[in-house]
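Here the structure comes first, spelled out in structure tokens, and everything after it is commentary.
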Amino acid sequence: MAAKPAPPRWPSDADPVFIAFCEAGLWSGLGKSALTHVPTAGITRPGLITKEALLRIPRVAASRAERLISAWIAATPEYDLAQVIVPAGISAYAVPGLIDALGDAAATVLEDDPWRIVGVRGIDVGQADAVARAMFGGFERDDPRRARALVGEALREDNNNGHTITPLEDVRDSLRTWGIPDADTACQASIDQGLVVHRQFDGYDALSLRVLADDEKSIARDIARLTKSSRKWGTAASLKKVSKGLDSAQSRAVELARTEGVSILTGGPGTGKSRTVGTVVELAEKHSQHIVLAAPTGRAAKRLAELTGMEAMTIHRLLGAQGKEGGFLRGRDEPIEADVVVIDEASMVDVRLAAALLAACEDGTHLMIVGDEAQLPSIGPGRVLADLIDSDAVPVTYLETLYRQAAGGQIAKLAAAVRKGDLPPVEMDESKEVVIVATNGSGQAAHRTVQLVTDSIPRALGIETSEIQVVTPVHRGAAGTKELNYALKQKLNPGPGAVSGFDVGDRVIATANYLDASPTGYANGEVGVITRLSDKGVTVQFASGTADVAGKALRDLVHGWAITVHRAQGSEWQAVVVVAPPEAGRLMSRSLIYTAFTRAQKHLSIVRTPGPALAYAVRERALRPRRTTLAERLRELMPACS
DNA sequence: GCAAGTTA
């Protein structure tokens, strides 16, 4: 690797906005090493950019100097914006995202209304206030523009709890606590601006962000469109042949995937959802129907691929996600090329993603939605799977028979209780299927977790370490994935970790797609083992082949002994150690505990910390009903189907 | 705020 260029040394009279702009890499064509020489070339503010000055930079000849000047001129909207936000303490790195959202006239827009940046790229009202202060020297707390922005802020806060619609009364309360007495005028102003819409919900006045209301509206319309436009594929006779090993509910689900535009397959873990999907794949192949499989997380997609023997990917990849703010390549103009689309682990799909997915399904595409309402809800707003089921607009198959081995065992009993909201005391019996380990806090919990994985479980139950998975709700903290993986590595595969903390023999998991890696590409969610270290990086043996991982890609490779519950959804292991630390806070819910517990096939260790958090989560924190409008919109558009 | 997804 080349030596990093020294950071530029700016004289004290250099323009701070100019410095921030250049150092954020916003002057395109100006590399890090050229930047080092910009101050010495005498360029310390925009007015000093001349061809003569640029020529004083090493390795800059006439043609490059000219290109730099045109690039500078082309970056005028960006620089104008930087002049507005940098003095307010907002990083120049935020500039491109803000230009994306507000357009090339962003600086002018903010001069008219600094609070227009609220909600863009996570910018909050405090930061917008700083922009206003920097621009005008001060402002009134109840400035109408500020009040209008706060309506959006109140809705976004509610969206963070999963709701897509908020009672007007709640918005009034929030505005009052922020010092806006005249909430109704503010709400009306937001509606007039087009960012917020009004709707009756459960008989009271309520508001939604327009984007979310539009998403729910378009999901409902697209479900209706796909339902209407579908034509049957395959034949009843071949269906009968492929579904020989299936029970009657499972075969009905395969039949629906063949005959209906949109269908849902639901049921708890171990009821054969994936097996049923496997049969749909088989039938589709028999009839030369192009079928694609996708799931919300990389790990779930990988698992789906393993179970069906077919390629599967994240929904984002299926849609051609363009990056942070970029939207999707696939959409109405360029739909997904498939006859049948299967989405697994659909409980984790939010309204934004569902709307994008449905828009990208062209008329005639068969969509099969597979998931379990009792498992993790989406991180983003909405409860799309549950709403689709509740609406009665789409045919649903419920799988109820538990096929997983030890169906009458302790794990199954505990899981069934948790699903209903009970956390019964576990009797420690001979089977040692479920073991509760009490600890005094997350530090000790981490310590006991390592003992369980490296010693107790292999010794007492004869389960190999490679078949044991640690699952925790969070990444950070003493009992988060990072610390746990660190501690597990010390025992399971100690070493200096010379390359990015890795040694030969480490279990790793990919957290991003590197489909062009050599010799074999790999996808987010793939699990592997480090087989070689070099001065550049590491070689990983994935199930699909080996890949050399170096440079930036090393950051998207993490140790895989401990993973989050979110990433574990869809996968199973012989033995699972669940850690439930207090740091998980509000993340702890019935669905999270249920998902975590049901990952275990033969043995479940539950590492507890003091306090009622676990019992409280299971008993009281059932997926707090999310307020959404999707089910109602579907009922308005479509007749009940059962 | 936590938790997932993504690229030139």
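Naming: A, B, ... by sequence-line order, numbering from 1 per chain.
- Ion pairing of A:Arg146 with A:Asp129 is present here, as a side-chain N (NZ or NE/NH1/NH2) and a carboxylate O approach within less than 4.0 Å.
- For A:Leu376 and B:dC2, the CG to P distance is 17 Å, given to the nearest whole Å.
- One interatomic measurement links the two molecules: CE of A:Met313 to P of B:dT6, which rounds to 11 Å at whole-angstrom precision.
- Relative ring orientation between A:Phe21 and A:Trp72 is described as perpendicular, the plane-to-plane angle rising above 60° on a 0-90° scale split at 30° and 60°.
- Relative to the side chain of A:Arg586, the nucleotides B:dA4, B:dT7, B:dG1 differ in distance, and B:dG1 lies closest.
- For A:Asn524, no side-chain nitrogen or oxygen approaches OP1 or OP2 of B:dA4 to under 4.0 Å.
- Regarding contacts with the backbone of B:dT6, a side-chain N or O of A:Thr314 is found under 4.0 angstrom from either OP1 or OP2.
- For A:His566, whose side chain is taken as the heavy atoms from C-beta onward, the closest listed nucleotide among B:dC2, B:dA4, B:dG5 is B:dA4.
- Contacts classified as salt bridge (charged side-chain N to carboxylate O under 4.0 Å, His left out) and involving residues 149-166 of chain A (residues at least two apart or in different chains) are given here: A:Glu153-A:Arg156, A:Asp158-A:Arg627.
- Listed pair A:Thr564 / B:dA4 meets the phosphate criterion, a side-chain N or O lying under 4.0 Å from OP1 or OP2.
- Atom CZ of A:Phe328 and atom C1' of B:dT7 are 13 Å apart (whole Å).
- Legend: residues meeting ring-ring contact (aromatic ring centres under 6.0 Å, His included) with A:Phe597, ordered by chain and number and at least two apart, are absent.
- Residue contacts for A:Gly298: at a heavy-atom cut-off of 4.0 Å it reaches the sugar-phosphate backbone alone, with no base atom in range.
- OP1 or OP2 of B:dC2 sits under 4.0 Å from a side-chain N or O of A:Arg476.
- Candidate nucleotides B:dA4, B:dA3, B:dG5 were compared by shortest atom distance to the side chain of A:Asp350, and B:dA4 ranks first.
- The distance from atom CD of A:Gln375 to atom P of B:dA4 is 16 Å, rounded to the nearest whole Å.
- Side chain of A:Leu587, nearest nucleotide from B:dG5, B:dC2, B:dT6: B:dC2.
- Nearest-nucleotide positions on DNA chain B place A:Gly380 closer to the 5' end than the other of A:Ala321 and A:Gly380.
- Contact check, A:His316 against B:dT7: no side-chain N or O comes under 4.0 Å of OP1 or OP2.
- Contact annotation: the side chain of A:Val86 never approaches that of A:Ser91 to less than 4.5 Å [non-hydrogen atoms, C-beta and beyond].
- Distance CD1 (A:Ile99) to P (B:dA8): 21 Å, rounded to an integer number of Å.
- Between the OH atom of A:Tyr522 and the P atom of B:dT6 there is a distance of 13 Å, given to the nearest Å.
- An OP1 or OP2 oxygen of B:dG1 is reached within less than 4.0 angstrom by no side-chain nitrogen or oxygen of A:Asn160.
- The separation between A:Ile343 atom CD1 and B:dG5 atom P is 14 Å, rounded to whole Å.
- Going from atom CD of A:Gln569 over to atom P of B:dG5 covers 12 Å, rounded to whole Å.
- Not one side-chain nitrogen or oxygen of A:Arg299 sits closer than 4.0 Å to the OP1 or OP2 atom of B:dA4.
- Here A:Trp561 and A:Tyr486 keep their ring centres 6.0 angstrom or further from each other.
- If you check every strand for non-hydrogen atoms under 4.0 Å, A:Ala512 touches nothing.
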